[in-house]
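Side chains included, hydrogens not; waters and symmetry mates left out as well; all remaining heavy atoms used. None of these values were measured; they are calculated from a predicted model.
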Amino acid sequence: MSEDRIQEEVVKYILYVYPKTLLSATLGGIRTSYKQAVKAKRTGYKKGQPDLFIYEPRGTYNGLALEIKTNKGYATKEQKQWIQDLKDRGWKAEICKGLPACLDVIDNYMKLKRIID
């Protein structure tokens, strides 16, 4: 299963199981023209941003960020740095390989007690 297909299934799962979840995906991995890539960079896109952000505080975390990979995929230096930077800022941030790993991280995160009720 490709990364984009895994991400599609992850988003479907979240919207079905946790329908009120506030989430957003980045445009990483989407091929664009050179002109669009320059525009994205000028308007704030940063190389290595995680694929998916869940803006739901849980436990001691501000939110959840996922970098989604295939079982054979690997994170780039920039992706690893983003994950660490988010952790340093109070986020749960993970690199997940394959659909089952993504769903496990999401379910475990969503089981944590909400910070703000």
Next item on the list: May I ask you to test the Glu56-Arg114 pair for a side-chain heavy-atom distance under 4.5 Å?
Entry: yes

Check: Side-chain contact, heavy-atom cut-off 4.5 Å: Asn62 with Pro57?
Finding: no

Check: How close do Gln7 and Ala25 get, heavy atom to heavy atom, and via which atoms?
Finding: NE2-CB, 3.3 Å

Next item on the list: Could you tell me which residues satisfy side-chain contact (heavy atoms from CB on, under 4.5 Å) with Lys47, sequence neighbours excluded, listed by chain and number?
Entry: Glu78

Checklist line | side chain to side chain donor-acceptor pair (under 3.5 Å) involving Asp4 - partner list, sequence neighbours excluded | finding: Ser2

Notebook entry, point to check: Considering residues at least two apart in sequence or located in another chain, which fulfil the side-chain contact (heavy atoms from CB on, under 4.5 Å) criterion with Asp85?
Noted result: Gln81, Asp88, Arg89

Next item on the list: Kindly write out the residues that satisfy side chain to side chain donor-acceptor pair (under 3.5 Å) with Lys92, not counting sequence neighbours, or none if the list is empty.
Entry: Glu94

Item checked: Test side-chain contact (heavy atoms from CB on, under 4.5 Å) applied to Lys12 - qualifying residues, sequence neighbours left out -> Arg5, Glu8, Glu9

Notebook entry, point to check: If two hydrophobic side chains count as joined below 4.5 Å and joins carry through other members, does Leu22 share a cluster with Phe53?
Noted result: yes

Next item on the list: Compare every heavy atom of Pro50 with every heavy atom of Thr26, then report the nearest pair and how far apart it is.
Entry: OG1-O, 2.8 Å

Check: Restricting to pairs with a member in residues 60-71, which pass salt bridge (charged side-chain N to carboxylate O under 4.0 Å, His left out), not counting sequence neighbours?
Finding: Glu3-Lys69, Glu67-Lys69

Note to self: Rounded to the nearest 0.5 Å, what separates atom CG in Leu66 from atom CD1 in Ile95?
What the structure shows: 10.5 Å

Notebook entry, point to check: Which atom names give the shortest non-hydrogen contact between Gly98 and Asn71, and what distance separates them?
Noted result: CA-OD1, 3.4 Å

Check: Which distance, rounded to the nearest 0.5 Å, do you find between the CD of Gln79 and the OH of Tyr74?
Finding: 9.5 Å

Next item on the list: Could you please spell out the steps behind the side-chain contact (heavy atoms from CB on, under 4.5 Å) verdict for Ile14 and Leu52?
Entry: CA-CA 11 Å; Ile14 293 168; Leu52 191 63; 3.9 Å; yes

Check: Out of curiosity, does Ile6 fall in the hydrophobic cluster containing Val17 (side-chain heavy atoms, cut-off under 4.5 Å, transitive links)?
Finding: yes

Checklist line | From SG (Cys96) to CD1 (Ile106), nearest 0.5 Å | finding: 7.0 Å

Note to self: Could you report the tightest heavy-atom contact between Gly59 and Leu112, atom names first, then the distance?
What the structure shows: N-CB, 3.8 Å

Item checked: Cluster overlap Leu64 with Val10, hydrophobic side-chain contacts below 4.5 Å -> yes

Notebook entry, point to check: Do you know the tightest heavy-atom contact between Leu103 and Tyr13?
Noted result: CD2-CD2, 3.4 Å

Next item on the list: Report the residues that fulfil side chain to side chain donor-acceptor pair (under 3.5 Å) with Tyr18, sequence neighbours left out, ordered by chain and then residue number.
Entry: Asp107

Item checked: Residues in side chain to side chain donor-acceptor pair (under 3.5 Å) contact with Ser24, at least two apart in sequence or another chain -> none

Checklist line | Arg58 vs Lys113 side-chain heavy atoms within contact, under 4.5 Å | finding: no

Checklist line | Residue pair Ile68 / Leu99, side-chain heavy-atom distance below 4.5 Å | finding: no

Margin query: If hydrophobic clusters are built by linking Ile, Leu, Val, Met, Phe, Trp and Tyr wherever their side-chain heavy atoms come under 4.5 Å apart, do Leu86 and Val105 end up in the same one?
Written below: no

Next item on the list: Report the relative orientation of the aromatic rings in Tyr109 and Tyr61; use parallel for angles under 30°, tilted for 30 to 60°, perpendicular for over 60°.
Entry: tilted

Next item on the list: Determine, stepwise, if the pair Ile83 / Lys80 fulfils side-chain contact (heavy atoms from CB on, under 4.5 Å).
Entry: CA-CA 5 Å; Ile83 294 297; Lys80 290 175 185 174; 5.7 Å; no

Notebook entry, point to check: Hey, any chance Tyr16 and Met110 share a hydrophobic cluster, counting ILVMFWY side chains that come within less than 4.5 Å of each other, even indirectly?
Noted result: yes

